[in-house]
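See structure below.
A quick note: this is a predicted structure, and the numbers were derived from the prediction, not measured. Proteins come first, then strands; the chains are lettered A, B, ... in the order of their sequence lines, and each starts at number 1.
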There are 2 protein chains.
Amino acid sequence: MFLSQTFAALADPNRQKIIKCLKRSELPVSAIAQNLDITLATLSHHLDILRRADLVSSRREGRQIFYELNLSVADELLEGVAKMFKTGK
Amino acid sequence: MFLSQTFAALADPNRQKIIKCLKRSELPVSAIAQNLDITLATLSHHLDILRRADLVSSRREGRQIFYELNLSVADELLEGVAKMFKTGK
DNA sequence: AATATAATTAGATACACATCTAATTATCTA
DNA sequence: TAGATAATTAGATGTGTATCTAATTATATT
């Protein structure tokens, strides 16, 4: 199942907090870090997992790396979940 | 986060298959087992996780135990996911 | 009561994952 | 070109999880 990776990515509370941070706007890693009580290394790891699940994208700007939500994937997720439980097929 | 348990429960491919089985109708464990390539013990474990996440319910009927999907929780999940990504607190 | 059937529970194992510290890469500035 | 800042990568550790076999519980049948 392709949704497995997405669900696994969303299952961690720290990654949910990251997503919440990014709801309003894109942010550099250092800004995200201020909302979580983990090291930068651990945060980097979580961002990597979110990126591989295609839930966020990143771009470099100078020394900083900005992360933003991929809202299109969020839509696909909603569709997937709906289909998962809706009868028919 | 309360959604973490739900996401974790849905992240496993075998548990997704179980949910797919139960979409059409409730089923006894032995019937679910025919669709998965795992032992009954492992299946029991997966059903336990789905039940603790409130995604399924069970009832005994003679020697068999029937499992069924909790569709109301599926609706809550959809809401939760939508809120998770929709802008505005 | 003894046996068969349906499922769960116990115990063990192997692998994945969240986390940390320390080291490394990349960019900017003095 | 040093030195400082921003983030990732490497390596280690403890915990959690998916899986199995074997044992146990619960119900039905003979």
Side-chain angles (χ1 to χ4, degrees), chain A residues 1-22 24-70 84, chain B residues 1-22 24-70 84:
Chain A
M1 258 62 160
F2 115 93
L3 281 179
S4 295
Q5 200 182 12
T6 311
F7 286 132
L10 294 175
D12 183 88
N14 278 322
R15 289 195 288 268
Q16 290 185 21
K17 284 184 196 163
I18 293 171
I19 288 177
K20 190 175 179 181
C21 290
L22 297 177
R24 302 206 56 201
S25 70
E26 62 171 8
L27 289 175
V29 177
S30 50
I32 300 172
Q34 293 177 342
N35 298 278
L36 307 191
D37 207 27
I38 55 179
T39 64
L40 268 180
T42 301
L43 175 54
S44 223
H45 169 245
H46 285 309
L47 289 169
D48 188 47
I49 287 172
L50 289 171
R51 189 155 24 73
R52 284 206 302 269
D54 210 30
L55 286 163
V56 304
S57 323
S58 61
R59 78 185 158 77
R60 168 155 244 143
E61 191 173 311
R63 273 180 284 204
Q64 306 191 112
I65 296 187
F66 282 77
Y67 280 81
E68 67 175 343
L69 275 187
N70 285 345
M84 216 172 152
Chain B
M1 257 68 160
F2 115 94
L3 281 180
S4 296
Q5 199 181 13
T6 311
F7 285 133
L10 294 175
D12 183 89
N14 277 323
R15 290 196 288 268
Q16 291 185 20
K17 285 184 195 164
I18 292 172
I19 288 177
K20 191 174 177 182
C21 288
L22 297 176
R24 302 208 55 199
S25 71
E26 61 170 9
L27 289 175
V29 177
S30 50
I32 300 172
Q34 293 177 342
N35 297 278
L36 306 190
D37 207 27
I38 55 180
T39 64
L40 267 180
T42 300
L43 175 53
S44 224
H45 169 246
H46 284 309
L47 289 170
D48 188 47
I49 286 172
L50 289 172
R51 187 153 28 72
R52 285 206 303 270
D54 209 32
L55 286 162
V56 303
S57 323
S58 62
R59 76 183 161 79
R60 166 154 245 143
E61 192 174 311
R63 274 180 284 203
Q64 306 192 113
I65 296 185
F66 282 78
Y67 281 81
E68 68 175 341
L69 274 187
N70 285 346
M84 214 172 157

Requested in this report: Take nucleotides 21-30 of chain C nucleotide by nucleotide from the 5' end and write B, S or -, depending on whether a protein heavy atom sits under 4.0 Å from the base, only from the sugar-phosphate, or from neither.
Outcome: BB---SBBS-
**Report entry** side chain to side chain contact (heavy atoms under 4.5 Å, CB included) between Asn35(B) and Lys20(B), worked out
**Finding:** CA-CA 10 Å; Asn35(B) 297 278; Lys20(B) 191 174 177 182; over 6 Å; no
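- Note on Ser30(B): a side-chain N or O is less than 4.0 Å away from OP1 or OP2 of dA7(C).
- Whole-Å rounding puts the Leu36(B) CG to dA18(D) P distance at 14 Å.
- Atom CG in Leu47(A) sits roughly 14 Å away from atom C1' in dA18(C) (whole-Å rounding).
- Taking the nucleotide of DNA chain C with the nearest heavy atom to each of Phe66(B) and Asp12(A), the more 5' of the two is matched to Phe66(B).
- Among the nucleotides dA6(D), dT19(D), dT19(C), the one closest to the side chain of Ile38(B) is dT19(D).
- If you take CD1 on Ile32(B) and CG on Leu47(B), they are separated by 5.0 Å, rounding to the nearest 0.5 Å.
- A side-chain contact (heavy atoms from CB on, under 4.5 Å) with Leu55(A) is found for one member of Asn70(A), Leu22(A), Leu50(A) and no other, namely Leu50(A).
- Across all strands shown, Ile49(B) has heavy atoms under 4.0 Å from sugar-phosphate atoms exclusively, and none from any base.
- To the nearest angstrom, C1' of dA6(D) lies 19 Å from NE2 of His45(A).
- Distance CG (Leu43(A)) to C1' (dT8(D)): 11 Å, rounded to an integer number of Å.
- Counting to the nearest Å, the P atom of dT8(D) and the CG atom of Leu50(A) are 12 Å from each other.
- Minimum heavy-atom separation, Phe7(A) to Ala11(B): CB-CA, 3.7 Å.
- Listed pair His46(B) / dT19(D) meets the phosphate criterion, a side-chain N or O lying under 4.0 Å from OP1 or OP2.
- Atom CG of Leu27(A) and atom CG of Leu69(A) lie 9.5 Å apart (nearest 0.5 Å).
- The list of salt bridge (Lys or Arg N to Asp or Glu O under 4.0 Å) pairs with a residue in residues 31-50 of chain B, not counting sequence neighbours, reads Asp48(B)-Arg51(B), Asp48(B)-Arg52(B).
- At dA6(C), none of the side-chain N or O atoms of Tyr67(B) fall inside 4.0 Å of OP1 or OP2 (strictly under the cut-off).
- In this structure, the side chain to side chain contact (heavy atoms under 4.5 Å, CB included) partners of Leu40(B), at least two apart in sequence or on a different chain, are Val29(B), Ala33(B), Leu43(B).
- Residue-level contact check: Arg15(A) touches the backbone only, with heavy atoms under 4.0 Å from sugar-phosphate atoms and none from bases.
- Residue-level contact check: Asp48(B) touches neither bases nor backbone, having no heavy atom under 4.0 Å from any strand.
- Separating the CZ atom in Phe66(B) from the CD atom in Glu61(B) is a distance of 5.0 Å, to the nearest 0.5 Å.
- Taking CG of Leu10(A) as the start and CE of Met84(B) as the end, the distance is 4.5 Å to the nearest 0.5 Å.
- Across the protein-nucleic acid pair, Ile32(A) atom CD1 and dA6(D) atom P stand 14 Å apart, rounded to whole Å.
- Interatomic distance, CZ of Arg63(B) versus OG of Ser30(B), reported as 11.0 Å (0.5 Å rounding).
- Note that the CD1 atom of Ile49(A) and the CD1 atom of Ile18(A) stand 9.0 Å from one another [nearest 0.5 Å].
- The overall bend of the helix from dA1(C)-dT30(D) to dA30(C)-dT1(D), read as the angle between its terminal helix axes built from five base pairs each, is 10° when rounded to 10 degrees.
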Nucleotide N/O to protein N/O under 3.5 Å, stretch nucleotides 12-14 of chain D:
none

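- The nearest whole Å value for the distance from the CG atom in Asn14(B) to the P atom in dA16(C) is 15 Å.
- Judged as a salt bridge (Lys or Arg N to Asp or Glu O under 4.0 Å), not a single pair has a partner in residues 4-16 of chain B (not counting sequence neighbours).
- If you measure from atom NZ of Lys17(B) to atom P of dA18(D), you get 14 Å, rounded to the nearest angstrom.
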